[in-house]
Amino acid sequence: MRFKKKNLDDLRSEGDLNISPRRRAWTKKHIDAGTQRWLDLDARYFLHQSLSTPCLNVLSGCEGINLKDLQGRDIMDFHGNNVHQVGFANPRVIEAVKKQLDKLAFCTRRYTNIPAIKLAEKLTQLAPGKLNKVLFAPAGTAAVGMALKLARMATGKFKTISMWDSFHGASLDAISVGGEAVFRKDAGPLLPGTEHVPPPDCYRCLWGCADNCTLKCADYVEYVLSKEGDVAAVIAETVRSTSIVTPIGYWKKIRAACDKYGALLILDEIPNCLGRTGKMFTCQNFEVVPDMLVIGKGLGGGIFPLAALIAREDLDIMPDRALGHYTHEKNPVACAAAIATIDYIEQENLLANAEKMGIYAKDRMRKMMQQHKIIGAVRGLGLLMGMELVKDRKTKQPATEEAEKVMYGALSKGLNFKITMGSIITLTPPLTITKKQMDKALNILDQCLREVEG
Ligand SMILES: Cc1ncc(COP(=O)(O)O)c(C=O)c1O
């Protein structure tokens, strides 16, 4: 099936699409017959969807910052689905997993286990304010669902305010609060009462604030809260993981508005928790404490699917209902991986490295702006970084085709990253990254931009 260009552009939000002609061309050039055979089988047996199958390539290994493909090529991974804070196959995490497998490999409902208890205790110690109660789930989207349910039960209200362009997971409740056509279009009726507002995006501010931010976007959220009057929760990504950095002051305003109108604040930090932004939790950059914090991805050490809802202690009010009830709610092996991951982050000072390497990389990328007119903006927080490509810095027309070319160019040279919103090169390397590795990646990016600009 062929897709019209317009349709593709509407769907380029969460990631680059696998149905573009450029994808087919890349595969033809770089994939040998042996790999192609596996790709064909993958396409034969998996349901096709625009962000995975048909897949690009087949992996045979991953270690540290690198992926290895079947053809033996190393690929630096600046994407990693945001699970590789401590690097892939981190030896200390693997050792903890192996030890736990030999002790207790599963925990049947009705029982608990020491790794689960220790992880819950650790998370509440790390989380700010009175975020002292935890519930685990086997996916971020499930944890978002638990947060939405708890917000409804705790407030007796059901409406939510969330952001256009946001992503909170792929399940029906999460796509209802999410704001991306690639997940919502043709899905039929979504949850009722899920109001959407424009996200805080200083580069493409709907209110035209641009560099003179007056936080009108936050005022608008307050306006909707006041007009509706019965909103259960505002749910949002603390920082959009496409690397659209929320302006300072935004969350304090939203926090105050939520308190004024009796709505809970749920912050989704699933992709950037545990240090990516230079703080253990992203909200700590904004000095704001939500009522519920949802984390995931890297929590499982890049090995297990594990997410957590961390809620305010006084929201522990539903002992006679089931909020989660997921089979792997207290999986001891996943929890052992999470404890080892957090220990590694702390022992190796990865928060400081994320901050330092993030500053270094952004500085280099800003210097690259002098050579490459195509770069409209460089931004980020810690090692959540984005470079937005535009056809013209004045009109800010997204350079979608060019971004895709840069991505496939970089893949050919051994660098993997994600394109979000069609034109944002999104860079999320492991927090273990060294300056040498960062330079190698940025040199590849520089070269690809040069090639695309001709
Ligand atoms: C902000 C955000 N929320 C929720 C999710 C969903 O997490 P999971 O894929 O574990 O369900 C993601 C995944 O990419 C995400 O980036």
Side-chain angles (χ1 to χ4, degrees), residues 12-17 49-52 77-85 135-149 160 162-180 182-184 191 194 196 199-201 233-246 251 265-274 276-277 281-283 285 290 292-310 324 326-329 331 334 337-338 341 380-386 417-421 424 426-428:
R12 285 180 217 269
S13 50
E14 189 56 25
D16 37 277
L17 303 178
Q49 48 173 351
S50 70
L51 299 163
S52 63
D77 197 1
F78 274 54
H79 178 322
N81 285 27
N82 281 309
V83 305
H84 61 342
Q85 278 93 326
L135 202 50
F136 297 136
T141 194
V144 165
M146 300 190 310
L148 292 172
K149 273 165 77 179
T160 53
S162 54
M163 313 276 161
W164 286 119
D165 291 331
S166 67
F167 183 57
H168 295 290
S171 56
L172 214 51
D173 48 0
I175 65 170
S176 301
V177 291
E180 295 181 319
V182 72
F183 293 95
R184 293 164 59 92
L191 281 189
T194 50
H196 286 68
D201 179 356
V234 171
I235 173 163
E237 293 159 85
T238 316
V239 169
R240 179 77 182 102
S241 62
T242 54
S243 190
I244 293 177
V245 180
T246 315
W251 287 121
L265 179 59
I266 304 170
L267 290 181
D268 175 349
E269 303 190 353
I270 287 166
N272 43 49
C273 63
L274 305 187
R276 177 157 298 288
T277 63
F281 299 103
T282 312
C283 59
N285 291 285
M292 291 184 233
L293 190 60
V294 190
I295 64 170
K297 290 202 183 251
L299 179 63
I303 300 177
F304 289 97
L306 181 64
L309 166 64
I310 315 176
Y326 289 102
T327 299
H328 284 269
E329 181 183 318
N331 184 304
T341 300
L381 206 51
L383 284 173
L384 166 62
M385 303 175 293
F417 52 76
K418 179 162 141 177
I419 302 283
T420 39
M421 307 309 292
I424 306 175
T426 304
L427 303 169
T428 55

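FYI, the numbering just counts along the sequence from 1. When a ligand or atom number is given, it counts from 1 through the structure's own listing order.
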With a cut-off of 4.0 Å, which atoms of ligand 1 are near a heavy atom of Thr141? 6 (C), 7 (O), 8 (P), 11 (O)
Counting heavy atoms under 4.0 Å, the part of Ala139 that contacts ligand 1 is both
Just verifying a value: how many Å separate Leu274 CG and Phe281 CZ, rounded to the nearest 0.5 Å? 6.0 Å
Excluding sequence neighbours, so at least two apart, what forms side chain to side chain contact (heavy atoms under 4.5 Å, CB included) with Ile303? Val93, Ile94, Val97
Please list every donor-acceptor pair under 3.5 Å in which a side-chain atom of residues 136-148 meets a protein atom from a residue at least two apart or in another chain.
residue: Thr141; atom: OG1; partner: Ala170; partner atom: N; Å: 3.4
residue: Thr141; atom: OG1; partner: Ser171; partner atom: N; Å: 3.2
residue: Thr141; atom: OG1; partner: Ser171; partner atom: OG; Å: 2.6

Can an N or O of Gly140 be found at a distance shorter than 3.5 Å from an N or O of ligand 1? yes
If the contact criterion is a heavy-atom separation under 4.0 Å, does Asp268 count as touching ligand 1? yes
Side chain or backbone, does Glu237 bring an N or O within less than 3.5 Å of an N or O on ligand 1? no
Yes or no: does Lys297 have any heavy atom under 4.0 Å from an atom of ligand 1? yes
Do the non-hydrogen side-chain atoms of Asn331 and Leu306 ever get within less than 4.5 Å of each other? no
Going by the side-chain contact (heavy atoms from CB on, under 4.5 Å) test, name the single residue among Thr282, Thr428, Leu427 that passes it with Leu384. Thr428
